[in-house]
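Accompanying notes for the structure given below.
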Number of protein chains: 2
Amino acid sequence: MGRSVAVDNEDRQRRLPAGRKAKLAAYVAETGEVTVTDLAERFGVSIDTIRRDLDQLSADGVLVRTYGGAVSQSSISRVDRTVDVRLTLEKHEKEQIAKLAAALVKDGSVIMMNGGTTTLAVARNLRDHRDLTVATNSLLVPPALPESTIREVYVFGGAVRTLSLTTTGPISLPSAGGADLDVSCDLALIGVGAVSVEGGYTTSNLADAAMMREMISRAARVAILADSSKFGRRLFAQVADLAAADYFVTDTAPPPDLVRALRENEVELITPDATT
Amino acid sequence: MGRSVAVDNEDRQRRLPAGRKAKLAAYVAETGEVTVTDLAERFGVSIDTIRRDLDQLSADGVLVRTYGGAVSQSSISRVDRTVDVRLTLEKHEKEQIAKLAAALVKDGSVIMMNGGTTTLAVARNLRDHRDLTVATNSLLVPPALPESTIREVYVFGGAVRTLSLTTTGPISLPSAGGADLDVSCDLALIGVGAVSVEGGYTTSNLADAAMMREMISRAARVAILADSSKFGRRLFAQVADLAAADYFVTDTAPPPDLVRALRENEVELITPDATT
DNA sequence: CGCAGAACTGCACGACTCTGCCGTCTTTAG
DNA sequence: CTAAAGACGGCAGAGTCGTGCAGTTCTGCG
């Protein structure tokens with residue numbers, strides 16, 4: 001089948017799948033949203049090849065695979081930069097985690113929560129609880145807490161990270177006397193950025209890590225929340241060793257080495273399908 | 001019938017259910033309240049599909065399903081129920097006040113703002129400013145501040161009033177050393193609940209009044225914001241005497257006795273029609 | 001030069017998802 | 001109480017996904 005010029009281009013692309021994938025990624029980044037059939041037509045290859053390419057690019061984190069096509073990573077964060085769309089990334093998983101984490105909370109207890117989409121989902125899922133005292137460094141958690149469930153809510157003061165809408169700084173709450181009072185809680189709910197056997201719980205921001213660490217040190221029990229995309233990764237700032245947690249809440253079973261390490265450190269693994 | 005270009009776009013969207021749901025969620029978040037039929041028409045799919053989408057999004061906690069449609073998560077929470085409703089009450093007046101108050105803010109200065117719908121409107125109207133440092137006791141002000149205008153944002157910690165989403169307690173910011181640092185600012189923007197000649201500036205909540213009073217004491221200049229509905233009224237807790245302010249920003253000219261009292265206390269009256 | 005192995009591509013088949021339609025039941029409004 | 005609108009559940013068609021298989025091209029090696 002000889003189309004004079006077009007064939008040349010297509011042939012070159014066909015011989016360099018890496019090059020085609022690069023162009024494909026660029027095209028997705030440009031348009032923001034593409035379908036498999038459209039791409040197959042545009043690049044002159046079969047639908048199957050496009051699907052395989054998209055799967056690989058998705059595995060590499062370049063784009064986000066959806067049913068029937070893909071959307072660019074940036075368009076997802078741009079659509080709803082404030083909150084919701086990072087949620088859509090692992091929306092379902094986060095909701096699962098949130099329900100499990102909410103089950104750990106006892107009525108009438110005092111809990112601390114750090115910022116992040118996962119803990120935000122937890123806040124929404126506390127609607128069946130009563131008489132909770134909540135302390136957080138997130139500006140989004142208080143509005144998300146159902147009014148009927150809370151006794152009191154406290155926000156830790158400090159500098160605000162405008163991107164995540166969380167405060168940073170040492171934990172302290174001002175008292176009327178002048179000197180700050182020390183606080184502690186029954187349960188700390190900490191959403192982390194990554195979990196690995198060697199690195200423990202890590203996150204990408206140093207101030208956030210410090211805040212989490214303080215919450216952990218003031219809690220009688222600690223629950224770490226992380227979805228499955230965070231397994232085996234290690235980020236900039238360490239929050240704590242694996243042993244610092246009492247519960248590790250996630251959506252799917254972690255890799256075997258992590259499961260073993262958690263068990264050795266006496267961390268209770270909580271997943272949707274697992275028995276207690 | 002065949003709309004030439006539009007059909008193409010719609011077809012592409014139709015092929016990406018995930019993308020459609022993301023747009024749908026964004027649309028609901030924007031408008032706050034939608035009906036199924038409206039969405040079906042707008043997105044070019046059947047009512048059934050929209051209903052299924054809404055059910056899923058509801059299950060994921062992105063929105064709240066209602067009979068015949070859905071409402072955004074935020075609109076059901078106190079954020080908009082209290083704030084937005086009150087905002088719409090004297091929306092136009094508050095916007096006028098906000099613009100005038102924003103004009104008082106100098107680029108590069110440090111300002112403090114208390115909570116409330118009026119100061120929230122001010123925060124939105126700071127979009128043309130640069131290098132501002134803002135300290136507030138409102139959880140709603142930081143998200144409302146345009147990102148390009150702010151250098152740093154601080155939130156005072158403390159107990160959260162769930163209705164107004166403000167923190168209460170003494171003003172202090174935790175420092176690394178342990179002891180809290182004293183803070184002060186160039187300008188305090190204080191929205192009050194009532195203004196009268198005898199009572200001065202008053203508000204209905206004691207803790208709020210204490211917070212305002214502290215902000216005033218730490219500011220080089222003080223601007224009091226109040227719409228015309230607050231003239232001549234007196235509420236529970238006094239914030240300060242009339243003389244405590246440097247500027248009094250409102251939407252229409254106050255009654256003569258108040259104008260006279262302000263002049264006697266050397267408070268500059270700022271209204272839309274008035275000359276500077 | 002010939003050959004084995006790996007990677008890429010297209011195709012086929014079964015399973016799944018999405019979508020619209022229909023009938024029935026529930027809720028809402030008058 | 002009645003009628004309209006919406007919700008719920010089942011169903012079938014179309015599109016998509018996942019997997020296995022065969023053919024082709026490229027690479028490394030004898």
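Protein chains get the first letters and strands the later ones, always in sequence-line order, with residue 1 at the start of each. What you see below is based on every heavy atom in this structure, not just the backbone, and it leaves out hydrogens, waters and symmetry mates.
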Self-check item: Tyr67(B) side-chain proximity, nearest of dC8(D), dG20(C), dT28(C)
Solution: dT28(C)
Quiz item: Over how many whole Å does the gap from Asp53(A) atom CG to dC8(C) atom C1' extend?
Solution: 10 Å
Quiz item: Phe43(B) has an atom CZ; how far is it from atom C1' of dT19(C), in whole Å?
Solution: 16 Å
Self-check item: Between Asp227(A) and Gln96(A): side-chain donor-acceptor atoms closer than 3.5 Å
Solution: no
Quiz item: Expressed in angstrom and rounded to an integer, what is the separation of Ile50(B) atom CD1 from dC8(D) atom C1'?
Solution: 17 Å
Quiz item: Roughly how many Å is it from CZ in Arg20(B) to C1' in dG15(D), rounded to a whole number?
Solution: 14 Å
Practice problem: Let me know, please, whether Thr37(B) or Asp48(A) comes out on the 5' side of the other along DNA chain D by nearest nucleotide. | Solution: Thr37(B)
Self-check item: Atom pair distance, as rounded to whole Å: CZ in Arg65(A) and C1' in dT16(D)
Solution: 9 Å
Self-check item: Basic-acidic side-chain contact under 4.0 Å: Asp55(A), Arg65(A)
Solution: yes
Quiz item: Phe248(A) vs Phe231(A) aromatic rings, parallel, tilted or perpendicular, using cut-offs 30° and 60°?
Solution: tilted
Practice problem: Write down the distance between CG (Leu39(A)) and P (dC17(D)), rounded to a whole number of angstrom. | Solution: 11 Å
Exercise. Find the distance Gln56(A):CD to dA7(C):P and express it as a whole number of Å.
Key: 11 Å
Practice problem: Measure from the side chain of Ser46(A), starting at C-beta and using heavy atoms only, and say which of dA7(D), dC18(C), dG10(C) lies closest. | Solution: dG10(C)
Quiz item: Side-chain donor-acceptor pair under 3.5 Å between Ser228(A) and Asp251(A), yes or no?
Solution: yes
Exercise. Spell out yes or no: do the side chain of Arg51(A) and the base of dG18(D) have one donor N/O and one acceptor N/O closer than 3.5 Å?
Key: yes
Self-check item: N/O donor-acceptor pair, side chain Arg52(B) with base dG20(C), under 3.5 angstrom
Solution: yes
Quiz item: Would Arg42(B) and Asp38(B) satisfy salt bridge (Lys or Arg N to Asp or Glu O under 4.0 Å), going step by step from the backbone distance to the final call?
Solution: CA-CA 6 Å; Arg42(B) 190 174 296 269; Asp38(B) 174 34; 3.6 Å; yes
Quiz prompt | Rounded interatomic separation in angstrom, taking CD1 from Ile47(B) and P from dA4(D) | solution = 16 Å
Quiz item: Using a cut-off of 4.0 Å on non-hydrogen atoms, how would the nucleic acid contact of Thr35(B) be classed: base, sugar-phosphate, or nothing?
Solution: nothing
